[in-house]
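Heads up, the thing below is written out as structure tokens.
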Amino acid sequence: MLISFAAAMLALSAATGWYYQHGRRMIEARAADHLTAIGRLKTGQIAAWRRERLADAAVLAQGVAFSAKVARFLAGQDREDTQELRAWLRRYQEHYHYADILLIDRQGSCRLNLSGKQMAAEKFQPALAPAFEMRRPYLTDLHSDQDIPAAHVGAIAPIFAGNDPATEPLGAIILITYADQYLFPLLQTWPAPS
């Protein structure tokens with residue numbers, strides 16, 4: 001009787017252990033699937049946000065009327081063009097919620113920014129090179145610097161006077177986005193109870 005009782009207890013203990021391990025593996029697998037799904041969701045949202053920044057820069061920089069205004073502004077020909085260009089950029093900034101918009105000449109000097117801050121010209125050179133080389137918008141890494149201490153990214157779009165591939169760029173437009181306006185809240189939100 002004692003041996004039968006011990007065997008039954010041993011079998012019950014083994015079954016309980018197996019059931020516990022099986023349940024634990026199931027919970028871990030569900031948690032891993034849940035985290036993978038959330039990771040994919042967040043990755044998709046960040047990729048969409050990135051595409052939107054690049055598309056906004058491209059739409060602005062590739063406009064024929066806009067590039068003509070930029071050419072006249074950089075040549076210093078017309079004060080009225082300067083006011084129109086500033087108003088145009090201000091509307092773009094307000095509607096698309098950019099922290100600042102900069103107009104950079106071919107040499108990397110900041111010729112216009114909506115915030116009115118002085119910007120060091122050399123800080124734009126590393127980001128301008130790939131945009132000019134690829135002849136399309138380029139998104140900087142998330143960073144902060146002395147001129148803009150808040151974490152930000154810049155969508156840089158080269159501006160050309162025409163569609164000829166041999167044409168030198170006039171300069172570039174840089175759309176500055178603070179990370180705490182959208183990117184950080186996006187990363188910090190969790191789509192399910194946790």
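Because the structure is a prediction, the values reported are computed rather than measured.
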Open item on the list: Using side-chain heavy atoms (C-beta onward) and a distance below 4.5 Å, is Gln107 in contact with Leu128?
Closed with: no

Open item on the list: Assess, by modelled atom type and distance only, whether the side chains of Gln83 and Arg86 contain a donor and an acceptor separated by less than 3.5 Å.
Closed with: no

Task: Residue pairs fulfilling ring pair (Phe, Tyr, Trp, His ring centres under 6.0 Å) with at least one residue in residues 126-160, sequence neighbours excluded - done: His143-His152

Open item on the list: Can you tell me how far apart OG (Ser109) and CG (Leu102) are? Round to the nearest 0.5 Å.
Closed with: 12.5 Å

Task: Side-chain touch Tyr182/Leu187, heavy atoms, less than 4.5 angstrom - done: no

Open item on the list: For Ala157 versus Ala61, what's the shortest heavy-atom pair and its separation?
Closed with: CB-CB, 3.5 Å

Open item on the list: For Leu186, is there any backbone N or O sitting under 3.5 Å from a side-chain donor or acceptor partner on Lys42?
Closed with: yes

TODO: State, to 0.1 Å, how close Gly154 and Thr140 come at their nearest heavy-atom pair, and which atoms those are.
DONE: N-OG1, 2.8 Å

Task: Within one Ile-Leu-Val-Met-Phe-Trp-Tyr cluster: Ile46 and Leu35, side-chain cutoff 4.5 Å - done: no

Open item on the list: Ignoring hydrogens, what is the shortest heavy-atom contact between Thr167 and Arg135? Give both atom names and the distance.
Closed with: O-NH1, 3.0 Å

- [ ] For Thr36 and Ala32, indicate whether the former's side chain and the latter's backbone hold a donor-acceptor pair under 3.5 Å.
- [x] yes

Task: Leu89 and its side chain to side chain contact (heavy atoms under 4.5 Å, CB included) partner, picked from Asn113, Leu112, Leu175 - done: Leu112

Open item on the list: Closer than 3.5 angstrom, by distance alone: can the side chain of Arg136 be matched with the main-chain N or O of Ala131 as a donor-acceptor pair?
Closed with: no

Task: Non-neighbouring partners of Met26 that pass side-chain contact (heavy atoms from CB on, under 4.5 Å), sequence neighbours left out - done: His22, Arg30

TODO: Evaluate whether atom CZ of Arg111 has more than 12 neighbouring non-hydrogen atoms of other residues, nucleotides or ligands under 6.0 angstrom away.
DONE: yes

Task: Side chain Thr43, main chain Gly39, donor-acceptor under 3.5 Å - done: yes

TODO: Output the distance between atom CD (Gln181) and atom NE2 (His97), rounded to the nearest 0.5 Å.
DONE: 9.0 Å

TODO: Supply the atom-to-atom distance Ile176 CD1 to Ser115 OG, rounded to the nearest 0.5 angstrom.
DONE: 9.0 Å

TODO: Can you see which heavy atom on Ile156 is nearest to which on Ala172, and at what distance?
DONE: CG2-CB, 4.0 Å

Open item on the list: Tell me if a side-chain donor or acceptor on Asp105 pairs with a main-chain N or O of Gly171 at a distance below 3.5 Å.
Closed with: no

Task: Closest contact, heavy atoms only, Ser144 versus Ala150 - done: CB-O, 3.8 Å

Task: Residue list, side-chain contact (heavy atoms from CB on, under 4.5 Å) with Arg53, at least two apart or on another chain - done: Trp49, Asp56, Tyr98, Leu139, Ala155, Thr177

TODO: Tell me whether Ile101 is reachable from Leu54 by hopping between hydrophobic residues (I, L, V, M, F, W, Y) whose side-chain heavy atoms are closer than 4.5 Å.
DONE: no

Task: For the student: nearest non-hydrogen atoms of Ser67 and Leu170, plus distance - done: O-CD1, 3.7 Å

- [ ] Could you tell me the separation between the OG1 atom of Thr16 and the CD atom of Gln21, rounded to the nearest 0.5 Å?
- [x] 12.0 Å

- [ ] State yes or no: do Leu114 and Val153 share one hydrophobic cluster built from I, L, V, M, F, W and Y residues joined by side-chain heavy-atom distances below 4.5 Å, directly or via other members?
- [x] no

Open item on the list: I'd like to know if Ile148 and Leu183 are part of one continuous hydrophobic network [Ile/Leu/Val/Met/Phe/Trp/Tyr, side-chain heavy atoms within less than 4.5 Å].
Closed with: no

Open item on the list: My understanding is that only one of Ile159, Val70, Ile173 makes a side chain to side chain contact (heavy atoms under 4.5 Å, CB included) with Leu60; could you say which?
Closed with: Ile173

- [ ] Would you check if Val59 and Tyr92 make a side-chain contact, meaning some heavy-atom pair closer than 4.5 Å?
- [x] yes

